[in-house]
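Whatever order the structure lists them in is the order used to number ligands and atoms, beginning at 1.
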Amino acid sequence: MVSIRLNDLGAGYGRKPVVSGISTPAFGAGEVIAVVGPNAAGKSTLFKRIAGLLKGPGEVILEVEANGWASGRAISYMPQDNSSSAVLSVYESIVLARKQGSSLHVGDHDLRVVDATVEALGIEAIVARNIGDLSGGQRQLVSIAQTLAREPQVLLMDEPTSALDLHRQIGVLSLVRRLARERGMVIFIALHDLNHALRFADHVMVIANGGLHACGPVAEVLTPALLRSVYEIEARIERCSQGQPHVIVDDVASGRPVASFALSA
Ligand SMILES: Nc1ncnc2c1ncn2[C@@H]1O[C@H](COP(=O)(O)OP(=O)(O)OP(=O)(O)O)[C@@H](O)[C@H]1O
């Protein structure tokens, strides 16, 4: 079983902090946490800090109990941009991702995990293709496969469905949530689609103005008041016929043009 808590975490580039003072409760096995917020708020920066790719103040408190399942690394980060080598086949790239940081010996179990991941994502038809020949959405599915095949205990997925059609967005997020429950992972997903956050996440972290603006159960945090203060939109949260909450946007707050929504420097 795994749990992860952020304590007064900060990160930035050079001397300039992008985010600071981020503290959360402990998130436990099986939980999915949506990380949302405006462009350039610092979601990717926070993920890189949690993954240990950036240094900064504060601590990531990770507790891992051996449970027989965990064959993979503790924390794995799936970046927004896929920079896999274009000369590898899809299958080779997934095997390589699984073996990254461990011995290069590829055993039967490794191949079974790779095959199961390929099947779960429905990418059997492209496994022999070169990554460089794929469409943007296909590359994103391969990047997801590479990340899942590592079997991490904490997974940081940075906008994993941004290039996917609606059917695959729902499919991938359903799969990710199921794997979190089955494997006892903690999964953080940076998302811009708040309806996906409402549908697939247990908790939400709202990153804005250089820090953690709000954190808690997703349906409690994503309110019209929060959408107004963070996104400058007038919106309602209404339930569809199946009881699922949805954001319905009525207007841009105060009638200002969308282009006036300021990016942080
Ligand atoms: N390598 C870097 N060097 C310097 N500044 C950077 C670097 N990467 C990101 N930044 C800056 O850090 C800030 C936060 O960027 P980050 O990518 O974390 O935002 P984000 O919330 O993930 O944005 P988006 O939703 O647009 O993907 C931005 O102002 C960005 O320009």
Side-chain angles (χ1 to χ4, degrees), residues 4 6-24 27 32-60 75-84 136-137 139-141 143-144 146-147 154-164 166 169 172-173 176 186-201 203-216 218 221-222 226-233 235 247 249 252-253 257-265:
I4 182 167
L6 310 183
N7 182 31
D8 205 16
L9 209 65
Y13 306 91
R15 287 199 200 140
K16 188 177 159 234
V18 171
V19 287
S20 59
I22 295 189
S23 297
T24 67
F27 298 115
V32 176
I33 303 102
V35 179
V36 307
N39 288 128
K43 301 177 294 297
S44 303
T45 305
L46 175 65
F47 277 7
K48 288 179 205 162
R49 175 71 183 86
I50 297 172
L53 303 173
L54 283 177
K55 293 194 189 318
E59 314 164 271
V60 177
I75 299 182
S76 184
Y77 168 54
M78 176 190 159
Q80 211 171 332
D81 304 314
N82 182 353
S83 53
S84 283
R139 284 171 74 98
Q140 194 163 46
L141 286 168
S143 181
I144 294 165
Q146 292 167 349
T147 312
V154 176
L155 181 48
L156 304 158
M157 306 184 90
D158 201 345
E159 298 182 36
T161 55
S162 58
L164 301 184
L166 190 54
Q169 289 175 34
V172 163
L173 292 171
V176 161
V186 181
I187 303 188
F188 294 84
I189 312 182
L191 288 171
H192 283 301
D193 188 330
L194 301 181
N195 285 322
H196 286 344
L198 282 163
R199 183 171 182 146
F200 294 104
H203 303 277
V204 64
M205 294 171 62
V206 182
I207 308 296
N209 302 318
L212 184 61
H213 183 87
C215 178
V218 64
V221 170
L222 294 183
L226 181 129
L227 299 181
R228 190 178 304 115
S229 67
V230 172
Y231 291 99
E232 298 182 16
I233 55 168
V247 176
V249 178
V252 174
V258 172
S260 73
F261 190 87
L263 281 173
S264 52

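Side-chain polar atoms of Q80 and S162 form no donor-acceptor pair below 3.5 angstrom.
For N39, a nitrogen or oxygen atom sits less than 3.5 Å from a nitrogen or oxygen atom of ligand 1, counting backbone and side chain alike. Residue-to-ligand polar distances place A41 within reach of ligand 1: an N/O pair is separated by less than 3.5 Å.
When atom types are taken as modelled, the side chain of K48 and the backbone of G12 share no donor-acceptor pair closer than 3.5 angstrom.
Interface atoms of ligand 1 facing H192, defined by a heavy-atom separation under 4.0 Å, are 25 (O). Less than 4.0 angstrom separates some heavy atom of Q80 from each of these atoms of ligand 1: 27 (O).
The two residues R49 and G10 come nearest to each other via the heavy atoms NE-O, 3.1 Å. Annotation for L212 and I207: closest pair CD1-CD1, 4.0 Å, computed over non-hydrogen atoms.
With a 4.0 Å cut-off on non-hydrogen atoms, T45 touches ligand 1 through its backbone as well as its side chain.
Qualifying side chain to side chain donor-acceptor pair (under 3.5 Å) partners for N7, counting only residues two or more places apart in sequence or in other chains: E59. With sequence neighbours left out, the ring-ring contact (aromatic ring centres under 6.0 Å, His included) criterion links H203 to F27.
Residue contacts with ligand 1 do not include G37, since none of its heavy atoms lies under 4.0 Å from the ligand. Between E159 and ligand 1 there is a heavy-atom distance shorter than 4.0 Å.
For atom 13 (C) of ligand 1, the choice among G210, A208, A40, S162 with the nearest heavy atom turns out to be A40.
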